[in-house]
Amino acid sequence: MSEERNTYIVRCGEVALKGMNKPYFERMLVDRIRKVMKKFQNIEVRREEGLIFVKTPIDLNKDIVTREISRVFGVASISPAVEIDISEGDAEEVLDKIGQAAVSYMLGLIEEKGVQTFKVDAKRANKAFPIESPQIGRIIGAKILIGCKVLKVDVHNPDCKLFVSVRREKAYVFEQKVSGFGGLPLGTNGKGLVLLSGGIDSPVAAFMMAKRGMMIEAIHFHSYPYTSERAWDKVQDLARIVAGYCGRIRIHSINLLPIQEEIVQHCPEEEITILVRRFMMRLAEDVAKETGCLMLITGENIGQVASQTAEALVVTDASVQMPVMRPLIAMDKVDIMDIAKQIGTYETSILPYEDCCTVFLPKHPATKPKLDKILESESHLDVEQLIKAALESKETVMIYGEE
Amino acid sequence: MFVYLDNSATTKPYDKVTETMADCMKNCFGNPSSLHRLGIAAEKEMKAARKAVANVLHVKEEEIYFTSGGTESDNTAIFGAAQARKRKGKKIITSKIEHPAVLEACRYLEQKEGFHVVYIGVDQNGKLNLEQLADEMNEETILVTIMHVNNELGTIQPISEIGTLKRENTLFHTDAVQSFGKERLNLDSSFIDLLSLSGHKIHGPKGIGALYVNREIHIPPFVYGGGQEKGFRSGTENVPAIVGLGSASQISLDDFERKRTHVMQIRNHLLEGIKEAIPNIRINSPEGDGCSPYILNISFLGCRAEVLLHSLEQKEIYVSTGSACSSKKKGSHVLRAVGLSDEAMEGAVRFSFSEDNTIEQMDYVLEEIKKAVETMRKLRGALGRNRR
């Protein structure tokens, strides 16, 4: 008999819906799983009939494996399972084997969790197998009742729902399904540049786009010495957390202060915020083009602040040609905060090193800016030269997700 | 030019200190409680350090107990005094401008243990209202805790005079973290019972300090355990840091007057330069003898101190806004207590000196701070000038 291994069944969620491209998406997903599992030795990942099977050495902690794989975008759910070889024998012998495996599995659960009631949910993926799913369930259930005297069947509210899956050559017994994030495998949807501020929203926006398979690059604007170096550290910490889901993130950091100074001196006070915003977008677009990003991503959320009113967004958008993705646009703040907590960026986001550049905050920002007026204000500035100088001061660091 | 002017936050350890400590960690790593030769060697080193600290204060070495620093010394003194005297009275007198290590301990006693705490006010220079203190003093007063030199302003409090106001049941504690090794301290004539000091403010290591406890009094310990420090402060002694503190204490006495005069010249040079070159400022530190020469606090009106700090940092000049310990919270309780306006609080910068600073450095600082203040004021002036 070959060495004993732990088996995990990984379900692919939305990937399975893809038509002709399905093999491509599945291959990308397998690649991604292999990548996150690279830090362990002796791992096998293969796909078979719409599922992905991961095998690991028996001493590798199941919770760790489950957690790692559940973080891969495109994974709908994952189950640690017992694999049973059913390549030989007739139906009765096969069900005997499955029954034995199920009994020892349940004995384990009784010991560990004090399970008292159960229900079997059987599925015959291999339609060539002569016994139908409900019948398999009844037979395995009966074998468990005989094998584990303390157990009772409860079809409505069981302590344990035992899944039995009969496939070609192999059968599987498992209990839990740990949910993944869903989405699509990373790298199946190009690359986008996120404007990462250090607040709650932008890391969530980056995460949501990454979840749809988009690779992430980031740009950060600061106003040093009006902002602290700690704010820059904080942005890197946030990027590190997001990179935990998407491998690595390159951050470009640009000092906006020279631009803000020009705006303060030459443009109407109430338009400062929106003008700065337009410069950010332009700079981001230039960096995006240079780094092969297809679109910009922001954490903007309609109506949240003065620069995010419908009118302001129109004026902001007019500064660039590239599409601007705003995955949080219609969400409520509390829901954004929930996601931030779930992905682990919240605690870092609320650290109080936000930009202290209140010097540049107008007392009454324009909430309904008009494009023609904004363009008129911008005509007092040497936009091209300011952009060029800002890009020259750009610093870039690569951030890797934590192991 | 590298100019470090944040010496009240912490100082750069003397080379002698780091060498002595490294040597101690390599060659004298024994546990002073061990019975063997290595333990005895470590104990000896510690004894010498204790002597060096005691010498600075002109006290007996058995009156010095090592702690983890100023905060622990303050807490030990305050909680210990309260515990020891609670049957004699429940009144504690302190000031509004104490370090949080004192204020928070007092607040705890006030809120959880039913003590009556009086926070004495200060004048615009941060000097204690002695009359109010004298009025508040009564037979119920078991503890007076007043700092010697204020960490944000540099104001020196008249601790000898405060000491004479003591009643029979009163213990007098002073937080001398900013003055130990920098101001002459005579504990004989000042009626001080308890005094806190710290290593890293005098070019010694962090994580070490001491509490002086007058041998005539007794207070219970704050940390319990293996009975080190005659049972007053348990926990294996931090021998390398203790040795470092000893070394720094000893060096602090060398050329004491010369160093103090030098720092005074440095401070005056910068102060006069700023007064001459930059309009619209407020000198928050007291002028004249009532201030430590090591600290200078100035508000640059119309500027944000935090932005000034970062601007100067770009020129390798390191200063502080208010005090480093409180800069994370909004506004300084000390600056508020001396009655600063919001604008003056926002623009308050603390320069704190050491013997390593030079006149050339001050000229450079003056030039850079002038530039930074002007740029900032210009920008702020521009804001709001243009409107649609």
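Both backbone and side-chain heavy atoms feed into the values below; hydrogens, waters and symmetry mates do not.
- Within residues 329-347 of chain A, no residue approaches chain B closer than 4.5 Å by heavy atoms.
- The pair B:Lys275-B:Glu272 meets the salt-bridge criterion, since a charged nitrogen lies less than 4.0 angstrom from a carboxylate oxygen.
- Looking only at heavy-atom pairs under 4.5 Å with chain A, the residue among B:Gly381, B:Ala382, B:Ala372 that has the most is B:Ala382.
- Proximity to chain B involves both the backbone and the side chain of A:Gln265, based on heavy atoms less than 4.5 angstrom apart.
- A search for ring pair (Phe, Tyr, Trp, His ring centres under 6.0 Å) contacts involving A:Tyr400 returns nothing, not counting sequence neighbours.
- Among A:Val305, A:Thr273, A:Thr309, the one residue that satisfies the side-chain contact (heavy atoms from CB on, under 4.5 Å) test with A:Thr367 is A:Thr309.
- Judged purely by distance below 3.5 Å, without hydrogens or angles, the side chains of A:Ser223 and A:Gln260 pair a donor atom with an acceptor atom.
- Residues B:Leu340 and B:Ala344 approach most closely at CG-CB, 3.7 Å, considering heavy atoms.
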Given A:Val235 and A:His222, is the side chain to side chain contact (heavy atoms under 4.5 Å, CB included) satisfied, shown in steps?
-> CA-CA 10 Å; A:Val235 165; A:His222 62 89; over 6 Å; no
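- Proximity of A:Ile219 to A:Leu195: side-chain heavy atoms (C-beta onward) are separated by under 4.5 Å at one or more points.
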